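Bear in mind the structure is a predicted one, so any value in this text is a computation, not a measurement. These values consider heavy atoms only, across backbone and side chains, with no hydrogens, waters or symmetry-generated copies.
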Amino acid sequence: MMSVVGYERRTQEMTATHAPLSEESRRILAERYGQNPQAHKRRAQEHRRAAEEKRRRAALPRALVLYAAGLMCFAALFGLVWQNALVAQGKRAYRGASDELQRVLKQADDYRLAISRNDNIHTIQQQARDKLGMDYPAEDQIRLVTLPPLAASKEPAPPPVAVTPSYVRLWNLIVGK
C-alpha cells in the first residue's frame with residue numbers, strides 16, 4: 001500500500017506527463033492510494049480479514065503436520081524402547097545360557113575325572129564293598145538255569161498279505177472293481 005508521500009509523488013508524476021487530473025481521477029487515485037479515510041479503513045479491514053482467513057487455513061495443515069510428526073516421533077521412540085527391551089532380554093537369556101553352559105561343562109569335567117579315577121577294577125570293587133555293601137556271591141547262592149531249546153512249529157507260516165494303498169481301494173470302490 002502506498003503512503004501519502006507515494007500518492008503525492010504519483011499525482012505529481014501524472015500531472016507532469018499528462019494533462020491535469022479531473023476531480024473524478026483524483027478521487028479514484030485518492031481512494032486507491034489511501035487518501036480517503038473510509039476507503040483506507042475498509043481496505044485495512046478487508047486486508048486483516050484476508051490475512052486472518054489465510055492464517056486460519058494455514059493453521060489446520062500446520063497442526064496436522066505437527067500431529068503427524070509427533071505421532072511419528074512417538075512411534076520411533078516406542079520402537080527404540082521395544083528394541084532395547086528385546087536386546088536386554090536377549091542379553092539376559094545369553095547370560096543365563098552361558099552360566100548354564102559353564103555349570104554343565106564343569107559337571108562334565110567332574111564326571112570325566114570320576115570315570116578316570118574309577119577306571120581301575122580294584123577301586124570299583126572297593127567302592128562296591130564299602131559304599132553299597134556288595135560282595136561276591138557264596139557257592140550256595142549261585143544257580144544255573146538252562147532252558148530247553150524252542151521247538152520248531154509244525155504249522156506252515158501264513159502267506160504274506162498284500163497291502164493295497166488306500167487311494168487304490170478308494171479308486172476301485174468308485175470304479176466298481
> List for me each residue that meets salt bridge (charged side-chain N to carboxylate O under 4.0 Å, His left out) alongside Arg129, sequence neighbours excluded, and say none if there are none.
Asp135

> Mind checking side-chain contact (heavy atoms from CB on, under 4.5 Å) for Val65 and listing every partner two or more places apart, or none if nothing turns up?
none

> Using side chain to side chain donor-acceptor pair (under 3.5 Å) as the criterion, list what pairs up with Arg103, not counting sequence neighbours.
Glu100

> Could you work out, with side-chain contact (heavy atoms from CB on, under 4.5 Å) as the rule, every residue matching Tyr111, not counting sequence neighbours?
Gln107

> Restricting to side-chain contact (heavy atoms from CB on, under 4.5 Å), what partner residues turn up for Leu77, sequence neighbours left out?
none

> Name all residues meeting the side chain to side chain donor-acceptor pair (under 3.5 Å) criterion together with Asp109; count only those two or more places apart in sequence or in a different chain, and write none if there are none.
Arg112

> Roughly how far, to the nearest 0.5 Å, is NZ of Lys54 from NE2 of His47?
9.0 Å

> Excluding sequence neighbours, so at least two apart, what forms side-chain contact (heavy atoms from CB on, under 4.5 Å) with Gln102?
none

> Mind checking what makes salt bridge (charged side-chain N to carboxylate O under 4.0 Å, His left out) contact with Arg48, not counting sequence neighbours?
none

> State which residues pass side chain to side chain donor-acceptor pair (under 3.5 Å) with Glu52; sequence neighbours excluded, sorted by chain then number.
Arg55

> Restricting to salt bridge (charged side-chain N to carboxylate O under 4.0 Å, His left out), what partner residues turn up for Asp110, sequence neighbours left out?
Lys106

> Which pairs, with at least one residue in residues 77-96 and sequence neighbours excluded, count as a salt bridge (Lys or Arg N to Asp or Glu O under 4.0 Å)?
none

> Just to verify, what does Tyr136 make a side chain to side chain donor-acceptor pair (under 3.5 Å) with, not counting sequence neighbours?
Gln125

> May I ask you to test the Gln89-Leu86 pair for a side-chain heavy-atom distance under 4.5 Å?
yes

